[in-house]
Amino acid sequence: MPKVLVSDPIDQAGLDILSQVAQVDVKTGLSNEELVQMIPEYDALMIRSGTRVTQEIIEAGNQLKIIGRAGVGVDNVDVPSATRKGIVVVNSPEGNTIAAAEHALAMMLSLSRYIPDANHSVKNGKWDRKSYVGAEVYKKTLGIVGLGKIGSHVAAAAKALGMKLLAYDPFISLERADHLGCRLVDMDLLFRESDYITLHIPKTSETANLINAEAIAKMKPTVRIINCARGGIIDEAALADALREGRIGGAALDVYENEPLEADSPLRSLGKQAILTPHLGASTAEAQINVAIDVAEQIRDVLLGLPARSAVNIPGLYPDALEKLRPYLQLAENLGNLVGQLAGGRVELLNVRLQGELADNNSQPIVVAALKGLLSQALRERVNYVNASIEAKERGIRIIETRDGSIRDYTGSLHLEAKGALGDHSVTGALLGDGEIRITDIDEFPINVPPTHHMLFTRHRDMPGIIGKIGSLLGSFNVNIASMQVGRKIVRGDAVMVLSLDDPLPEGILAEIMKVPGIRDAYTVML
Ligand SMILES: NC(=O)C1=CN([C@@H]2O[C@H](COP(=O)(O)OP(=O)(O)OC[C@H]3O[C@@H](n4cnc5c(N)ncnc54)[C@H](O)[C@@H]3O)[C@@H](O)[C@H]2O)C=CC1
Ligand SMILES: O=C(O)C(=O)COP(=O)(O)O
């Protein structure tokens with residue numbers, strides 16, 4: 001049974017799903033060293049923001065197939081290291097959207113009305129009304145940095161509160177911003193004109209320290225900043241200085257450069273103009289159930305050998321597209337494996353042509369599957385959907401993708417051409433109506449065979465007696481033939497023979513086959 005380590009608190013709904021297919025160990029609060037020591041025996045690691053998955057942990061994870069982040073941000077995972085090691089990293093892109101957006105809105109309103117401090121003062125026996133005269137958000141300008149899933153939900157709610165909306169997001173269209181009632185502006189204008197600024201961007205090298213002293217200097221002295229995105233996007237020292245000196249109106253923070261926030265952080269000593277929560281954006285019952293189920297299902301699927309729907313390091317595998325493409329991925333893998341062997345290894349060029357209805361689809365997963373098949377001869381189980389592209393790049397394999405929707409022999413088919421140590425070779429394959437895979441062409445010779453584990457291919461002259469000779473030769477070596485197909489372009493010209501075998505070919509039989517008159521070439525392939 002595979003083993004899953006759960007190193008942060010995860011809702012029971014997720015643990016129940018994992019328990020169906022794996023031994024689940026919940027061990028929270030582990031140090032990096034403890035994780036490095038423990039990880040070699042685990043097939044999967046499930047985390048939230050509390051665990052930092054370092055390169056060291058990934059290197060030690062020799063069994064590790066998947067890291068599941070029960071939430072959105074994967075900035076606490078060394079994703080490039082995981083990719084290189086062929087470990088799939090998944091998250092839950094939508095499970096906590098509403099929770100995070102509502103937390104940001106709650107922070108904005110709390111900040112405007114000093115609710116945390118007012119509450120504290122009442123509970124301490126006071127009745128102080130004059131210290132807590134707040135501000136209305138109605139008709140104020142909210143600047144949203146990052147108009148993705150959370151930012152969009154914040155926009156819709158803020159619009160309903162009567163706020164004017166500005167947004168900065170270089171990756172979204174004017175139409176989308178328009179639709180959300182936001183004016184898309186550059187960052188400087190957003191800083192200058194906003195009464196409230198809320199951040200909803202991922203932490204990346206570009207967004208680190210985005211809100212620094214220089215940015216703060218451009219803002220209104222009354223601006224209130226909300227960060228429910230990631231620590232490190234705001235320079236905390238610069239923010240604390242600005243708040244203390246009254247150069248901005250307030251700040252509400254849920255996330256911090258270092259978590260837990262240091263005991264002596266200057267943020268902790270700020271007054272009512274600052275609200276600090278301990279990374280609670282996703283902490284609702286609903287969101288925790290959503291993300292736990294979402295990620296546990298993906299871990300379960302990967303452990304069962306199925307693809308994950310929200311992998312952050314497998315290009316192009318989006319859920320709805322994936323469902324449609326799933327049978328073609330197996331086809332691509334089989335054909336990649338086959339053409340790699342026909343080309344004799346050392347492949348320098350792979351041409352992937354999507355034909356028929358397949359041509360309308362995202363080619364990226366198909367190309368990755370073909371590369372996985374192609375490289376599996378050399379790398380065996382070390383190559384997978386995660387690292388196939390990197391491994392191919394490192395081997396200098398040039399990839400050409402083409403599409404031809406006009407080829408309609410089958411509903412959808414895939415044609416691969418590889419240039420390798422044995423020259424140029426090509427294979428075509430298709431799916432039959434029932435999802436069965438057929439190899440329909442080898443080196444331009446039409447055939448129709450299902451891929452099997454052991455296969456024998458010959459190039460020969462189309463002449464009487466040759467098929468019988470090969471059949472009896474295999475029989476004399478006690479090799480059972482499951483199916484046999486001959487393809488030719490012209491009568492008595494060049495031909496190919498493809499045999500699906502129930503048994504592996506014994507040593508020496510190829511040399512015997514090569515002695516049969518008319519045989520030009522013979523090779524075995526294992527799929
Ligand atoms: N406090 C909490 O508990 C939670 C925090 N988060 C954080 O919120 C972030 C956003 O989450 P979603 O909205 O779900 O992600 P998303 O991917 O839907 O949206 C992010 C948006 O940021 C934009 N963006 C990227 N780089 C940018 C840049 N340099 N400048 C401006 N815009 C940029 C993208 O175009 C995208 O539209 C996550 O990355 C995560 O770090 C998410 C959930 C809970
Ligand atoms: O989903 C995210 O990005 C979050 O920040 C939520 O973090 P958490 O899972 O609550 O530790």
Side-chain angles (χ1 to χ4, degrees), residues 6-11 14 28-29 46-53 67-77 79 89-107 143-156 166-174 176-177 180 182 184-191 197-211 215 226-234 252-257 259-261 275-292 294-295 310 312 318:
V6 177
S7 61
D8 284 316
I10 300 288
D11 191 90
T28 58
M46 189 168 185
I47 56 159
R48 283 175 57 194
S49 63
T51 304
R52 180 152 290 279
V53 187
I67 298 168
R69 189 325 186 192
V72 180
V74 289
D75 46 289
N76 53 326
V77 179
V79 179
V89 180
V90 302
N91 69 349
S92 173
E94 291 173 7
N96 61 25
T97 302
I98 303 299
E102 289 184 0
H103 196 68
L105 292 159
M107 291 286 239
I144 303 173
V145 182
L147 204 51
K149 289 181 281 298
I150 298 169
S152 298
H153 194 74
V154 167
L166 301 178
Y168 169 69
D169 188 327
F171 307 106
I172 76 139
S173 65
L174 267 173
R176 169 87 185 137
L180 290 163
C182 296
L184 208 51
V185 295
D186 66 31
M187 205 158 44
D188 268 17
L189 195 134
L190 185 145
F191 289 161
I197 295 174
T198 185
L199 307 179
H200 299 292
I201 48 179
K203 165 98 180 285
T204 63
S205 50
E206 276 121 62
T207 63
N209 269 329
L210 191 77
I211 309 291
I226 299 120
N227 184 12
C228 291
R230 267 302 169 274
I233 298 176
I234 298 184
L253 308 177
D254 184 45
V255 286
Y256 308 89
E257 173 118 44
E259 294 180 10
L261 181 66
I275 300 178
L276 309 179
T277 52
H279 202 147
L280 293 180
S283 292
T284 63
E286 296 88 341
Q288 283 316 303
I289 293 171
N290 290 344
V291 296
D294 193 0
V295 172
S310 306
V312 301
Y318 296 110

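Quick caveat: nothing in here was measured; it's all calculated off a predicted structure. Both ligands and their constituent atoms are indexed starting at 1 by order of listing. Any value given below was found using the heavy atoms of this structure, including those in side chains, with hydrogens, waters and symmetry copies removed.
- Under 4.0 Å from ligand 1, heavy atoms of Ile150 appear from its side chain as well as its backbone.
- Judged by distance alone, with hydrogens and angles left aside, the side-chain atoms of Asp169 form a donor-acceptor pair with the main-chain N or O of Leu147 at under 3.5 Å.
- Remark: ligand 2 and Gln288 share no N or O pair separated by less than 3.5 Å (distance only, no angle test).
- Residues Ile197 and Phe191 approach most closely at CD1-CD2, 4.0 Å, considering heavy atoms.
- Scanning all protein heavy atoms for the shortest distance to atom 38 (C) of ligand 1 gives Val72 CG1, 3.8 Å.
- Which parts of ligand 2 touch Ala282 is read off a 4.0 Å heavy-atom cut-off, strictly below it: atoms 6 (C), 10 (O).
- Atoms of ligand 2 lying under 4.0 Å from at least one heavy atom of His279, given by number and element, are 4 (C), 5 (O), 6 (C), 7 (O).
- Remark: minimum distance from atom 30 (N) of ligand 1 to any protein heavy atom is reached at Tyr168 CE2, 3.4 Å.
- Taking CZ from Arg52 and CD from Glu259, the interatomic distance works out to 9.0 Å, rounded to the nearest 0.5 Å.
- Counting the atoms of ligand 1 from 1 in the order shown, those under 4.0 Å from a heavy atom of Gly146 are 22 (O), 32 (N).
- Residue Thr207 touches ligand 1 through its side chain alone, judged by heavy-atom distances below 4.0 Å.
- Near Ala282, meaning under 4.0 Å from one of its heavy atoms, ligand 1 places the atoms 3 (O).
- The ligand atoms of ligand 2 that sit less than 4.0 angstrom from a heavy atom of Gly71 are 1 (O).
- Taking a cut-off of under 4.0 Å to the non-hydrogen atoms of Phe171, the atoms of ligand 1 that pass are 24 (N), 25 (C), 26 (N), 27 (C), 35 (O).
- When only modelled atom types and interatomic distance are considered, Ser310 and Asn91 share no side-chain donor-acceptor pair under 3.5 Å.
- Scanning the protein heavy atoms around atom 4 (C) of ligand 1, the nearest turns out to be Cys228 O, 3.7 Å.
- Close approach to Ala70 involves these atoms of ligand 2, each under 4.0 Å from a residue heavy atom: 9 (O).
- The minimum heavy-atom distance linking Leu190 with Ala167 is given by the pair CD1-C, 3.8 Å.
- Looking only at protein heavy atoms, the nearest one to atom 31 (C) of ligand 1 is Pro170 CD, 3.3 Å.
- From the protein, the heavy atom lying nearest to atom 2 (C) of ligand 2 is Arg69 NH2, 3.2 Å.
- For ligand 2, the polar-atom distance check against Val72 finds a nitrogen or oxygen pair separated by under 3.5 Å.
- If you check which protein heavy atom lies closest to atom 10 (O) of ligand 2, you get Arg48 NH2, 2.8 Å.
- Contacts between His200 and ligand 1 below 4.0 angstrom, taking non-hydrogen atoms only, involve the backbone exclusively.
- With rounding to the nearest 0.5 Å, the separation of OG1 in Thr97 from CD in Glu102 is 11.0 Å.
- Taking atom 19 (O) of ligand 1 as the reference point, the nearest protein heavy-atom neighbour is Gly148 CA, 3.2 Å.
- Contacts between His279 and ligand 1, counted as non-hydrogen atom pairs separated by less than 4.0 Å, involve the side chain only.
- Taking all atoms of both residues into account, the shortest heavy-atom contact from His103 to Cys228 is CD2-SG, 3.7 Å.
- In Leu147, the part holding a heavy atom less than 4.0 Å from any atom of ligand 1 is the backbone.
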Applying side chain to side chain donor-acceptor pair (under 3.5 Å) to Ser49 and Asn76, what does each step give before you reach the verdict? CA-CA 7 Å; Ser49 63; Asn76 53 326; 5.8 Å; no
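- Counting the atoms of ligand 2 from 1 in the order shown, those under 4.0 Å from a heavy atom of Arg230 are 2 (C), 3 (O), 4 (C), 5 (O).
- Residue-to-ligand polar distances place Asn96 within reach of ligand 2: an N/O pair is separated by less than 3.5 Å.
- The nearest heavy-atom contact from the protein to atom 44 (C) of ligand 1 is Ala100 CB, 3.7 Å.
- In summary, the atoms of ligand 2 found under 4.0 Å from a heavy atom of Gly73, numbered by their order in the structure, are 1 (O), 2 (C), 3 (O).
- With respect to atom 40 (C) of ligand 1, the closest heavy atom belonging to the protein is Arg230 NH1, 3.9 Å.
- Summarising the geometry of Ile10 relative to Ala70, their closest heavy-atom pair is CD1-CB, 3.7 Å, with the distance given to 0.1 Å.
- For the residues Leu199, Ile172, Asn96, Ile201, the heavy atom positioned nearest atom 43 (C) of ligand 1 is part of Asn96.
- Nearest to atom 23 (C) of ligand 1 by heavy-atom distance, out of Val255, Asp169, Leu280, is Asp169.
- Thr284 and Ala99 make their closest contact through OG1-CB, 3.6 Å (heavy atoms, listed as atom of the first residue, atom of the second, distance).
- In this structure, Lys203 has no heavy atom closer than 4.0 Å to ligand 1.
- Among protein heavy atoms, atom 17 (O) of ligand 1 sits closest to Lys149 NZ, 3.9 Å.
- Across all non-hydrogen atoms, the minimal contact from Gly95 to Asn290 is O-ND2, 3.1 Å.
- Atom 11 (O) of ligand 2 has Ser49 OG, 2.4 Å as its closest protein atom, hydrogens excluded (heavy atom only).
- How far CD1 of Ile233 is from CG of Asn227: 5.5 Å, rounded to the nearest 0.5 Å.
- Both the backbone and the side chain of Pro202 come within 4.0 Å of ligand 1, counting heavy atoms alone.
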